[in-house]
Amino acid sequence: MFTRQRMWAQLPEQVDLLVIGGGVTGAGIARDAARRGLSVALVEMRDLAHGTSSRSSKLVHGGLRYLEQYEFSLVFEAVSERRILMDIAPHLVRPLGFLFPVYGGRGRPLWMVNAGMWLYDGLSLFRSPKLHRNLRPDQVAEEEPALTREGLQGAPLYYDGQTDDARLTLETALDAAAAGATIATWAKVTKLTSDEQGRVDGAEITDMIDGETRIVRAHAVVNATGPWTDRTRGLSTADAGAPLLRPTKGVHIVVDHDRLPVQHAIVAQHPEDERVLFFIPWGEQTYIGTTDTDYDGDPMEVQTDSEDVDYLIDAAASYFPDHPLTRDDVLSTWAGLRPLMAPIDQDREVDESSVSREHQIVVGTDGLVTIAGGKLTTYRRMASEVVDTAVNLLRLANRLPSPLAASHTDQQPLPGAVGWPEDDDVTHVASLVRDASGQRLASETAQHLAQTYGMRGIELGRLIAEDPDRAAPLLTGRVEVLAQVDWAVQQELAARLEDVMVRRLDLYYRDRDQGLTIAPLVAKRMAELLSWDERRTAEELGQYEAFVVNSRTWKKESDGSAP
Ligand code: FAD
């Protein structure tokens with residue numbers, strides 16, 4: 001069982017490597033290091049992927065638009081990683097068609113977009129999920145009837161990957177745990193400790209649920225705290241120097257797919273400022289994003305403003321004039337911070353969208369290893385570079401355990417991918433899930449479990465066979481079932497109601513009332529599993545409700561009504 005309590009109880013006093021931050025970067029580092037045979041602890045102040053790693057555009061992509069900035073090596077690296085992630089996590093990283101409509105007098109000319117497509121396919125060594133092809137306006141109209149045809153000259157159709165960012169992070173962390181790492185969530189580093197030479201040798205960690213504090217000593221400490229990078233560096237007594245990051249905020253909005261019925265991801269340029277954004281199909285929903293604005297506030301408080309929502313609705317109006325969206329169509333939103341590298345010359349003015357996406361590994365004078373910048377797509381490779389750096393430091397300090405195994409994280413499947421069919425046939429996996437449940441699941445639910453958990457969906461099927469009540473849908477007409485709550489708590493480190501509602505079930509994003517109706521039932525089930533008393537259960541509910549209300553503040557800003 002991978003429960004949060006068990007992990008906290010197991011947190012060792014001494015490890016080879018302490019990783020701070022349970023986003024995709026930290027999870028990737030813990031996985032790589034544990035698989036090489038290092039003793040590893042990862043501490044995350046809230047839930048896994050609570051930060052940027054659940055608030056991205058959910059694309060595993062080369063970043064077509066970086067070609068314009070001549071960042072060829074970045075694109076090459078990213079498309080190579082796209083291939084690898086599709087191999088090691090085919091249930092979580094799936095090919096998605098992207099349509100790039102070109103309109104006369106607007107944005108780049110068709111020939112230029114086409115040349116970019118060849119370059120993009122070329123940089124993937126022509127191993128894209130499928131090679132691009134050009135659609136004529138009438139073909140575009142057939143493929144995407146909702147898209148405006150006015151001035152349409154054609155549209156290349158190319159392929160990239162779409163993922164569930166929070167689950168990619170979670171499965172990476174669970175794989176690290178399976179390889180021996182301790183993954184402690186709701187565990188915040190409040191201080192970095194150092195030896196007599198001033199070298200960071202551990203951290204003071206506070207249990208954010210029960211308030212207990214512990215010290216974990218480590219031969220190397222890695223700061224993988226995304227937008228919190230500079231704050232974490234500030235926890236050391238050594239001078240952290242100039243900030244490494246210049247974060248920018250990106251917002252997405254979610255609407256029902258019926259309201260914006262796109263069949264492919266549509267690449268568009270905003271009519272006001274020509275920034276690239278996407279309209280992305282997401283099952284029964286469509287999400288639209290993103291904005292890109294500078295942000296220098298507390299990362300914990302980043303949220304959607306009414307201007308962000310209006311900006312995205314305006315973009316939709318321009319491309320889908322027959323499907324006008326209103327603010328009432330917006331089911332939910334998410335706002336995340338890109339942990340972008342600060343420009344080297346701090347005085348030079350740089351436009352937000354031109355800030356480099358590349359990452360950097362910095363070893364401070366206090367020995368703290370910081371990984372700054374990067375992308376979800378390249379997390380595995382970044383993680384392996386960070387572990388190389390940590391291994392070198394351990395070697396220099398004669399702290400390297402021997403023998404050290406080689407890490408092949410590019411070939412080792414994530415947990416849900418073990419046994420996944422070569423032909424990616426989700427329906428076949430769904431039938432196995434249904435068989436395991438003793439045919440107690442509706443086929444859409446079995447399909448949902450196969451898609452969400454990959455081959456591990458079969459284990460959920462078995463849970464249902466043991467107790468058929470677990471097949472009960474959480475909400476009428478939706479596919480989520482009670483077994484998923486049990487699984488989240490017992491196997492996926494969920495410790496708070498928010499963890500389950502937001503990042504294990506997605507109901508916070510997809511349900512019309514963001515899961516508020518079903519939250520009491522989920523809280524009750526969690527109370528049974530985690531021995532919460534009535535007061536704790538009520539607190540969890542209250543906090544979740546407040547969380548939802550807070551996420552709707554933008555509505556208040558726009559019309560003065562209660563959110
Ligand atoms: P995070 O996910 O933020 O993780 C850092 C973690 O550190 C947090 O969970 C935080 O709680 C924890 N932490 C902080 N301080 C402490 C402490 N003191 N103690 C313990 N824990 C602490 N990339 C792509 O490849 N494709 C995309 O489509 C894409 N779209 C994006 C869209 C947007 C709007 C944004 C903002 C980013 C996007 N990215 C995308 C980039 C990508 O999401 C990020 O690069 C990546 O998720 C960063 O992960 P991380 O682990 O470094 O940071």
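Computed from a predicted structure; not experimentally measured. Whatever order the structure lists ligands and atoms in, that order sets their numbers, starting from 1.
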Lys NZ or Arg CZ of Arg327 over Trp554 ring: under 6.0 Å, within 45°: no
Checking Glu144 now: which residues fulfil salt bridge (charged side-chain N to carboxylate O under 4.0 Å, His left out) with it, not counting sequence neighbours? none
Would you call Asp47-Arg504 a salt bridge at under 4.0 Å N-O? yes
Do Arg35 and Asp175 meet the salt-bridge criterion of a basic N to acidic O distance under 4.0 Å? yes
So side chain to side chain donor-acceptor pair (under 3.5 Å) across residues 9-19, not counting sequence neighbours, yields Asp16-Ser39
Output, or 'none' if empty, a list of ligand 1-protein atom pairs in which both atoms are N or O and the distance is under 3.5 Å, rounded to 0.1 Å.
residue: ligand 1; atom: 2 (O); partner: Thr52; partner atom: N; Å: 3.3
residue: ligand 1; atom: 2 (O); partner: Ser53; partner atom: N; Å: 2.9
residue: ligand 1; atom: 2 (O); partner: Ser53; partner atom: OG; Å: 2.5
residue: ligand 1; atom: 3 (O); partner: Thr52; partner atom: N; Å: 2.9
residue: ligand 1; atom: 3 (O); partner: Thr52; partner atom: OG1; Å: 3.3
residue: ligand 1; atom: 9 (O); partner: Glu44; partner atom: OE1; Å: 2.7
residue: ligand 1; atom: 9 (O); partner: Glu44; partner atom: OE2; Å: 3.3
residue: ligand 1; atom: 11 (O); partner: Glu44; partner atom: OE1; Å: 3.4
residue: ligand 1; atom: 11 (O); partner: Glu44; partner atom: OE2; Å: 2.7
residue: ligand 1; atom: 11 (O); partner: His50; partner atom: ND1; Å: 3.1
residue: ligand 1; atom: 18 (N); partner: Val189; partner atom: O; Å: 3.1
residue: ligand 1; atom: 19 (N); partner: Val189; partner atom: N; Å: 3.0
residue: ligand 1; atom: 21 (N); partner: Met45; partner atom: N; Å: 3.0
residue: ligand 1; atom: 23 (N); partner: Leu376; partner atom: N; Å: 3.2
residue: ligand 1; atom: 25 (O); partner: Leu376; partner atom: N; Å: 3.1
residue: ligand 1; atom: 25 (O); partner: Thr377; partner atom: N; Å: 2.8
residue: ligand 1; atom: 25 (O); partner: Thr377; partner atom: OG1; Å: 2.6
residue: ligand 1; atom: 26 (N); partner: Leu59; partner atom: O; Å: 2.7
residue: ligand 1; atom: 28 (O); partner: Leu59; partner atom: N; Å: 3.1
residue: ligand 1; atom: 28 (O); partner: Leu59; partner atom: O; Å: 3.4
residue: ligand 1; atom: 30 (N); partner: Ser57; partner atom: N; Å: 2.9
residue: ligand 1; atom: 45 (O); partner: Gly374; partner atom: O; Å: 3.1
residue: ligand 1; atom: 47 (O); partner: Ser53; partner atom: OG; Å: 3.0
residue: ligand 1; atom: 49 (O); partner: Ser53; partner atom: OG; Å: 3.1
residue: ligand 1; atom: 51 (O); partner: Val24; partner atom: N; Å: 3.2
residue: ligand 1; atom: 51 (O); partner: Thr25; partner atom: N; Å: 3.1
residue: ligand 1; atom: 51 (O); partner: Thr25; partner atom: OG1; Å: 3.2
residue: ligand 1; atom: 52 (O); partner: Thr25; partner atom: OG1; Å: 2.8

Sequence neighbours excluded and cut-off under 3.5 Å, please list the side-chain donor-acceptor pairs for residues 281-291, or say none.
residue: Gln285; atom: OE1; partner: Arg510; partner atom: NH1; Å: 3.0
residue: Gln285; atom: NE2; partner: Asp256; partner atom: OD1; Å: 3.3
residue: Gln285; atom: NE2; partner: Arg510; partner atom: O; Å: 3.4
residue: Thr286; atom: OG1; partner: Leu260; partner atom: O; Å: 2.8
residue: Tyr287; atom: OH; partner: Ser57; partner atom: O; Å: 2.8
residue: Tyr287; atom: OH; partner: Gln162; partner atom: NE2; Å: 3.3
residue: Thr290; atom: OG1; partner: Val251; partner atom: N; Å: 3.1
residue: Thr290; atom: OG1; partner: Val251; partner atom: O; Å: 3.4
residue: Thr290; atom: OG1; partner: Arg338; partner atom: NH2; Å: 3.2
residue: Thr291; atom: OG1; partner: Val251; partner atom: N; Å: 2.9

